[in-house]
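All figures in this text were calculated on a predicted structure; none of them were measured in a lab. Convention: sequence-line order gives letters A, B, ...; per-chain numbering from 1.
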2 protein chains.
Amino acid sequence: MVQVIQVPNHVDNFDPILEARRIWRERGWTEADLGMALVTSIARVDQINMKKIESNLRPLKLTFARFELLRLLSFTRKGSLPLSRVGNLLQVHPTSVTNAVDRLEAQHFVERTAHATDRRMTLVNILPAGREIVETATEILNREVFANTGLDASTGEQLLHLLTSLRAASGDFSH
Amino acid sequence: MVQVIQVPNHVDNFDPILEARRIWRERGWTEADLGMALVTSIARVDQINMKKIESNLRPLKLTFARFELLRLLSFTRKGSLPLSRVGNLLQVHPTSVTNAVDRLEAQHFVERTAHATDRRMTLVNILPAGREIVETATEILNREVFANTGLDASTGEQLLHLLTSLRAASGDFSH
DNA sequence: CTAAAACTTTATTACGTCAAAATATAGGAT
DNA sequence: ATCCTATATTTTGACGTAATAAAGTTTTAG
């Protein structure tokens, strides 16, 4: 009996990033070859992570962007925030917030309400159905994605530390 | 004299990722808090990297996706590849390749040509203007982005090693 | 009171994915 | 060899996300 092994198309016989780095070196770009490999590796890992997350969220009719917004709201005392504050905290463009809130409102997971004193602002307020779905989604992501990183705990902590250094170096947060 | 310090809106008084991890722990999600922080950090670093890259590429009227395609073609012997092979090597969806090739063709950086023997395939072939722009773009990215990672070389190598482990654990390449 | 700033929205553009369709090739059975 | 079915490849259309530019409303500061 012959064993048939299914190999996904995207799996190739070598590491494309290592290969690219070899070419960079070959051309004498030795100031940049490591940085190129780092940036490319991070992009690729992110792509893999996001694909896993989105596929787990799809049955709930949520995307990661909308999940993050619901998660953020569920952590606030009042369950509501000004749109501008959402954009700040999630590091996304104001128009993206408007867009996400539009969709979540259509799903009846949130509603827009007026700010008590500043009429320039609009608040987004999480609704019971939103709280319910975000709890379910978090359980699923914790179990199916976040609990299985492929690294042991101490290696993971080491990686987290390096990534935090990188973000600090880019001024991602005050330190 | 009072010194005025301009603080970008997105910079907050703490690290939002660390804060999120604290909340995760508070809720007893101790299997997942590290993974959540890792996935989120990677996403954020990628976002920072891509923003830098795209802003450097914008004056050339290139996006990173199109730059990568040109770069790949410029490294091949004949300067051409089947679309399907491009998708494989760059790990992107076939429709994304079609889309990118459409735009690059409109810019006269590449052209589509027929495969000699297999008429199902379409080749994408880099044109002289494409070779020229990709050389310029590579110089700029090497200098402005890849040469300044914010980490010293040995720390960078360490980070690269961890990222490669992560990709390996996800079956990103055969090893 | 007026000008500047803050906040949100609309319209446009770009990019990526999925689902499905269209075309071409390959392999096995007759 | 021919036919039939499965596979491979590319494209089209629909949708979600995100960014930019511009406009509208409200507040703040001088």
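The CD atom of B:Q107 sits 14 Å away from the C1' atom of C:dT13 (whole-angstrom rounding). One atom, CD1 of A:I48, and another, P of C:dT17, lie 13 Å apart when rounded to the nearest Å. When the P atom of C:dC7 is taken as reference, atom CG of A:L81 falls 13 Å away, rounded to whole Å. Atom CG in A:L83 sits roughly 15 Å away from atom C1' in C:dT10 (whole-Å rounding). One interatomic measurement links the two molecules: CG of A:L90 to P of D:dA19, which rounds to 12 Å at whole-angstrom precision. For the pair A:R85 CZ and C:dA6 P, the computed distance is 16 Å after rounding to whole Å. In this structure, B:D102 atom CG and D:dT11 atom P are separated by 7 Å, rounded to whole Å. When rounded to the nearest whole Å, the span between CE of B:M50 and P of D:dA19 equals 14 Å.
With C:dT17, C:dT8, D:dT11 as the choices, the nucleotide that has an atom nearest any side-chain atom of B:V92 turns out to be C:dT17. For B:P82, the listed nucleotide lying nearest its side chain is D:dT10; candidates were D:dT10, C:dT8, C:dC18.
A distance-only check finds no donor-acceptor pair linking the side chain of A:T40 to the backbone of A:A37 [under 3.5 Å]. Distance alone, capped at 3.5 Å, is enough to place a donor-acceptor pair between the A:Q47 side chain and the B:Q91 backbone.
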Stepwise salt bridge (Lys or Arg N to Asp or Glu O under 4.0 Å) test for A:R167 and B:D15:
CA-CA 10 Å; A:R167 289 193 300 118; B:D15 180 357; 2.6 Å; yes

One pair to check against side-chain hydrogen bond (donor to acceptor under 3.5 Å, both in side chains): B:N99 and B:S96. What are the steps and the verdict?
CA-CA 5 Å; B:N99 196 298; B:S96 302; over 6 Å; no

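For D:dT11, the OP1/OP2 oxygens have a side-chain nitrogen or oxygen of B:T98 closer than 4.0 Å. For D:dT10, the OP1/OP2 oxygens have a side-chain nitrogen or oxygen of B:S84 closer than 4.0 Å. The side chain of A:R112 places no N or O atom within less than 4.0 Å of a non-bridging phosphate oxygen (OP1 or OP2) of C:dC7.
Ionic pairing of A:R25 and A:E19 is not present here: no N-O contact between side-chain nitrogen and carboxylate oxygen is shorter than 4.0 angstrom.
Residue A:L162 is found in a hydrophobic cluster whose other members, listed by chain and number, are A:L34, A:L38, A:I42, A:V45, A:L151, A:L159, A:L160, A:L163, A:L166, B:L34, B:L38, B:I42, B:V45, B:L151, B:L159, B:L160, B:L162, B:L163, B:L166; membership requires side-chain heavy atoms under 4.5 Å apart, directly or through intermediates.
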Give me the distances for all protein-to-nucleotides 23-25 of chain C N/O pairs that come in under 3.5 Å?
from, atom 1, to, atom 2, distance (Å)
C:dT25, OP1, B:R119, N, 3.1
C:dT25, O4', B:R120, NE, 3.4

Heteroatom pairs (N/O) under 3.5 angstrom, protein to nucleotides 14-17 of chain D:
from, atom 1, to, atom 2, distance (Å)
D:dG16, OP2, A:R103, NH1, 3.1
D:dT17, OP1, A:T63, OG1, 2.0
D:dT17, OP1, A:R66, NE, 3.1
D:dT17, OP1, A:R66, NH2, 3.3
D:dT17, OP2, A:R103, NE, 3.1

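Under 3.5 Å, the side chain of B:T95 and the base of C:dC18 form at least one donor-acceptor pair of N or O atoms.
Listed by first and then second residue, the salt bridge (Lys or Arg N to Asp or Glu O under 4.0 Å) pairs that reach into residues 86-107 of chain B are B:D102-B:R112, B:E105-B:R112, sequence neighbours excluded.
In terms of the salt bridge (Lys or Arg N to Asp or Glu O under 4.0 Å) criterion, B:E135 has no residue partners (sequence neighbours excluded).
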Name each donor-acceptor pair under 3.5 Å that joins a side chain in residues 62-74 of chain A to protein atoms two or more places apart or in another chain, with its distance.
from, atom 1, to, atom 2, distance (Å)
A:T63, OG1, A:R66, N, 3.4
A:T63, OG1, A:R66, NE, 3.2
A:R66, NH1, A:Q107, OE1, 3.0
A:S74, OG, A:R71, O, 2.8

